[in-house]
**Q** 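Take a look at this one; I'll ask things after.
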Amino acid sequence: MIKKFIENAGWPRIIIALFLLALFVAAPFVGVRVDTSLSNTLVRFGMNGVMVLAMIPMVQAGCGLNFGLPLGIIAGLLGATLSIEWNSEILAKLSELGTLYKISWLNDLFLTTWREPIGFASAIIIAVPIAAILGWFYGKLLNRVKGDEMMIATYVGFSSVSFMCIAWLLLPYKHPTMVWGYAGKGLRTTISVEGYWLHVLSDALALDINTENIHLYVPTGMLIFFAFVALIVWIFMKTKTGTAMTAVGSNPEFARASGVNVDRMRTIAVMMSTILGAVGIIVYEQSFGFIQLYMGPFYMALPAVASILLGGASVNKAGILNVIVGTFLFQGILTMTPSVINSYLQTDMSEVIRLIVSNGMILYALTRKVRAGR
Amino acid sequence: MGNNPLLRLEHIGKEYYGNRVLSDISFDINAGEIIGLVGENGAGKSTLLNILFGMPVIASTGGYEGSIQIDGRKVSFTSPNQALAHGIGMVHQEFSLIPGFTAAENILLNREVLNASSMRYIFSERVSTLDREAMNGRARSAIHTLGVNISPDMIVSEMPVGYKQFIEIAREIDRKNTRLLFLDEPTAVLAESEAEILITALKKLAASGIAIVFISHRLSEVKELCGRILVLRDGRLITDQPSYTLSTRQIASLMVGRESVRREETPEVTETVSTETDAPKKKKKIRPALKVEHLWVDMPGETVRDVSFEVMKGEIFGIGGLAGHGKLAIPNGIMGLYPAGGTVKTFGKKLTLNKPRAALGKKMAFVSEDRRGVGLLLDEPLDWNITFTAMQTQGRFLVGIPYIFQMRNDLAMRKEARKFIDQLSIKCTGPSQKAGELSGGNQQKVCLAKAFVLRPDILLICEPTRGIDIGAKTLVLDTLKQYNKENGTTIIITSSELEELRSVCNRIAIVDEGKIAGILPASNPAEDFGMLMMGQVRNEEEGEFSA
Amino acid sequence: MTMFNEYWEIVRTFLDAYGVSYELAGLIVLVLIWLLLFLGRGLSFFRFLMRWYQRLIIVTGLVALGFWLFYVGREHQILLDNKNVNGLKALEQVNVSINGGESAELMPGDRDMRKAVGPEFEVKAEILDDNGEVVSTITKTVKIGCVKNMTISLPALAAGSEDFTLPLK
Amino acid sequence: MRKIFDIIANNAVPAVFIIISAFAIPLSGYSASYLVQELLTRIGRNSFLILSLLIPIMAGMGLNFGMVLGAMAGQIGLLFICDWGIVGIPGMVLACLIGTPIAIVLGIFCGHVLNRAKGREMVTSYILGFFINGVYQMTVLYLMGWIIPITNPTLLLSRGYGVRNAVSLLGIRGILDNLIPTIITGTQGTAQFVNINGGKSFIMMQLPFLEGSIRIPLATLIVIALFCIFIVWFRKTKLGQDMRAIGQSQSVADSAGIPVNRTRIIAIVISTVLACYGQIIYLQNMGTLNTYNSHDQAGMFSIAALLIGGASVSKATIANVFAGVILFHLMFIVAPVAGKNLIGDAQIGEYFRVFVSYGIIAIALVLHAWRRNREREAARRSLRGNKGDE
């Protein structure tokens, strides 16, 4: 029974889970509050969850781990910045709509309570088509290089990020909160989303207990949003297309013999991954409070990849459960190690531990014997 | 050496998992002899070679019986290198040459001539530089022995196929101690003239004292080259006699002939079936279920060039032939899995080739010979495996609105899977077990179930009994017969095992070197099929050979 | 952490007792790693011996090279000290140069530092009187070995004592 | 038709770079002697690192992204000699001696890992680089000065253990470059370099058409030349032959009795050790060691340079290395200034060259995978042999 469980979960996962558990147990003894740690973990979980979800379609369709996540993130960044750039125009257009149909209360809502949700929604609405287009090209590219997807994805991600570095400087953004003050052009490296859609999901329905003994903050809205996206992915994987996608990843020859268009399924999967990446970064930003441009998205793929692998996924099989478990474990370790280890050893080892755990996990997945035929 | 033969086999036998593949093989080989070893696929030739070469697969499956002696001393090899050290060389059917290397580099691969290096002890001999001059010289002399003229500096990838074969043989000759050479189908890729040069070369080689074992399906060549012929059938040595005492026809019948085994039942020929021998008038009235004209298929290692045949509705049609001659390409090509051309008509309607979806749409189903590669989703549960194709092509096992939103109906899938698990008695823990965890026979049943779920009009099956045990074999074949009888489904079976085809089929087509050598009713004597397989009919027609 | 400190203390006392510098100990550890890496396998006995013999020579050569490099390449800090010591009075003014480099001008009570590379160096001291006239010039070759720092007491050097490195015995 | 495509595909990258440079050089306004001087410096600094990539490519293991392991080993060697205060050529050689066993151990580890991940060596070695970077950081940041004795306080962080971010390599700075001081001058600039190197004599040549003067890192170039000879020699050895065989077909090499896995490990070990030396040469030119960043970019820039030189994932020559260094660094030197002169923003040139480095690797990888898939297709067709011909 226990043996079976260990076999299913895999040693690295169990060790890391036990390590995390030990950290939580040890926390009170070194003066770290468990409740705030837990809150932090939950916040980080919600922030990163959607980006980790973006791994699922590509892994399931046999395109390997999506090291090209930065491409999706770029779409998200474009959506985010454009939503701020056009924020007032969008709101004006919407309130015009309200005036047109003589619904003044709607008009008020647009300009007050709904202002921020509309900003957030517009970011996503702008980002998704961009992500879909980028994903389509990216998918076509990956179909041509079957067998080498991961390495190429990595460098497609890198080169797109560095390409966008030039673009951020040159694109004709005008909004004063976003461009460099002295030059009047070129976007800043970090842009605050305060006043636009800061914590628009995190604070919705948030549970915030702040008494003398307990400080607990649960970003309910963000968690619900994550659950909602996860549900969509889950349902999608159960549709006819989703089933075909899984079969393509499991055995492309079988899928082809069953009349499935393998390349098309892979393209759809890549597009989905890219779109989820775009949505993921916007969710991340609304909680984080800043849009990080330029080299910001550079290494964002690695934590997401490590999370899903930590959750028990392999290079060609991944599910929602893997995402939830993996993200929680990974973010838990990220939250707990700095506080607990640092108070114990009086040194900041979190960065090093993050490097070793996340890359060790990816390495473990890459060197595991994959089934024959691959 | 005295009177001891070069190689003596005594009572060699071998079982794989209780499956006897070789029994009581004994023969001698003397220096300078050329021996022809012939037998059908599965007769045990490759197992015999594996034992002689000490392939790890033999030891890992429990070793072998009997003894092997070289120069009268008993030997037992556990790795191919030991066999090589004892002077046994082998030229495999598929090339093992490095394309970017020159002829000389390939001939001397891992036996390069090295300059002495002062650093060889500190690191190893591998840091010594190559002596190109000496290597070319050795390569040249090895090639020269074969009587061909190939420059040692020629890059292998730029050589014609025939040359590559010579390079392979030259590599074995170059080994200083090679005394016994096994050649597995060396002429299969050669043109007529090249084959002649090779045969002359081999004779020369034998005259220099090297014993040669020549394995080939081209019986005329075997007869021309070899002094003695050994025929293997069903793991037994059927005959060992000088070649002049045998005609090619006799050899062919010895290989396939099972005259002693009378067939107990001839499959009943249903009325709809028309064969070439009977009822030629009826043929016009009944539309063939499948009509294939000038089909070519580009399947690696199994190419067919120009194939035409017709299959009647309700018929069980067999396609036989030796491995590598293209029989597998026919169903694979029709189903669109490999690039194909020509015309294929089902019930009079033209089928779009190269699109699996089109073939599946015509209510055709396919059971692949490559179970693990094409036939199954090894990492997915059984119900997925069984219902996936039907779901994707026929829209079954789904709920929702077509084209807009359709979710799979796990319940229905499981129900269907359970039905087939009972029907075909698949041994498993349930519909959610992974297909990869089943045994070969049960996996084959899953593949059949997958095809049956499609409710096909035409069912194409490749190698239905490959790699499964006897019990499962009968069950699979019986299931097919029964399915044919109950549903009137047209079934096309491709198999290397002639007996199996003869026991279930109405008619059998034999494919030889990419072409159909002939179509005969299954009731014809096995010998006739054997002759077709060996390409004798064609040769006789062309008048090149007379027995 | 404390465990490691204890362990290190043991090693340290051991090394101190035998007068081995820590750097040398580190080098020895590296030698061991080198040896491990050169283990041969799957060879006939003669070849095995040959290989060991030759590899041993190479490894020894490399290690010796390492020690030699350590010896000749080491940079030392030479502290020049012009203070009263053991009854010797500080010099009025002294100009010191090491290996012909830039010279240091030391007044009474001054201390200065110069660097030297290699196991020995030449120190040249020009002793000046109140008027700034050169009274005498002392040139001396000092063997320093692998020691990292050395303090030369200039009054002792000027007095012609052989024992001029601080602390004086 | 295919041949034309192949020629274009094989040489497209260098050609594009030549064109870019041809436009950018006049825009930058640099003088020829400045550019030659800079290029010579960079050839001396970088080519050894790039050359270390050649051997794994020969063994069919693709671009060795794991060369950063060697770079880290070299840095550890440098840290030790800094601590011990060994300077000059002895210091450099000692750093190499210390780095070698570390690089061998890391190389063996890397080789074993890559043997477990056949078919995706590149992505694995890439991640392995990150992983070992974690271990390296742990060693340098926590163990050094705590378990590993570091006595020199100027090397350590104020807390008493862990190495500082920037370590000055004053003791070995430019030591190899200036070992044999060589200067080429034009007729005007004769006098101004005489007093360099403390009045030591140096080789001086005069070329009448040159403006200004150029210092040549002659000793470094000699070391690099020796290394090139080593590679040429290595290709001729049995080991090199085995690697070429494995690079073309692992299964054939295996059936011929060549120890495939062992040979692959040797290839990686050689590459790692050479990368270790390469990093030491690189840093002696730079003069400062950024303990936590210096190795980061070593792999990426070396690989980009090699690919720009016209190499592919499966084939690289010494000529590719030098063509790559020259083209890549020419662009490196001129792009920011050209960008500034053209658009008025130096930052864009900066980002442009980063983009080019990554983009070029991406394109090279795509071309490689694409071509390989096509070749696989072609090989399948050739399997048909005579039978397939109509």
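Chain A is the first sequence line, chain B the second, and so forth, proteins listed ahead of strands; every chain is numbered from 1. The model shown is predicted, which means the values in this text are computed figures rather than measured ones.
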**Q** Need one label for B/L360: side chain, backbone, both or neither, based on atoms under 4.5 Å from any heavy atom in chain A.
**A** side chain

**Q** For the backbone of B/L378 and the side chain of A/N251, can you confirm whether one donor and one acceptor N or O come within less than 3.5 Å of each other?
**A** no

**Q** Any chance CD1 of A/I235 has more than 12 other-residue heavy atoms, nucleotides or ligands included, within less than 6.0 Å?
**A** yes

**Q** Against chain A, work out which of B/Q392, B/R357, B/Q406, B/K355 has the most heavy-atom pairs shorter than 4.5 Å and name it.
**A** B/Q392

**Q** Look up atom OG in A/S258 and atom CZ in B/F366, then write down how far apart they are to the nearest 0.5 Å.
**A** 11.0 Å

**Q** Return the CZ to NZ distance between B/F388 and A/K240, rounded to the nearest 0.5 Å.
**A** 9.5 Å

**Q** Pick one of side chain, backbone, both or neither for B/M391, based on which atoms fall under 4.5 Å of a heavy atom in chain A.
**A** both

**Q** How long is the straight-line distance from NZ of A/K238 back to CZ of B/R408, given to the nearest 0.5 Å?
**A** 4.5 Å

**Q** Could you measure the distance from the CG atom of A/N316 to the CG atom of B/D379? Nearest 0.5 Å is fine.
**A**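 A/N316 atom CG to B/D379 atom CG measures 6.5 Å (nearest 0.5 Å).
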
**Q** State plainly whether the residues B/E380 and A/K317 are in salt-bridge range, i.e. N to O under 4.0 Å.
**A** yes

**Q** Counting heavy-atom pairs closer than 4.5 Å to chain A, which one of B/L398, B/V374, B/D370 comes out on top?
**A** B/V374

**Q** Who wins among B/L454, B/L377, B/N385, B/L376 for the most heavy-atom pairs under 4.5 Å with chain A?
**A**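 Among B/L454, B/L377, B/N385, B/L376, the one with the most close pairs to chain A is B/L377.
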
**Q** Report, as yes or no, whether the 6.0 Å neighbourhood of atom CZ on A/F137 holds more than 12 heavy atoms from other residues, nucleotides or ligands.
**A** no

**Q** Can you see which heavy atom on A/F254 is nearest to which on B/K450, and at what distance?
**A**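 Result for this residue pair: CE1-NZ, 3.5 Å.
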
**Q** Provide the closest heavy-atom pair for A/A257 versus B/P356 in the form atom of the first, atom of the second, distance.
**A** O-CB, 4.2 Å

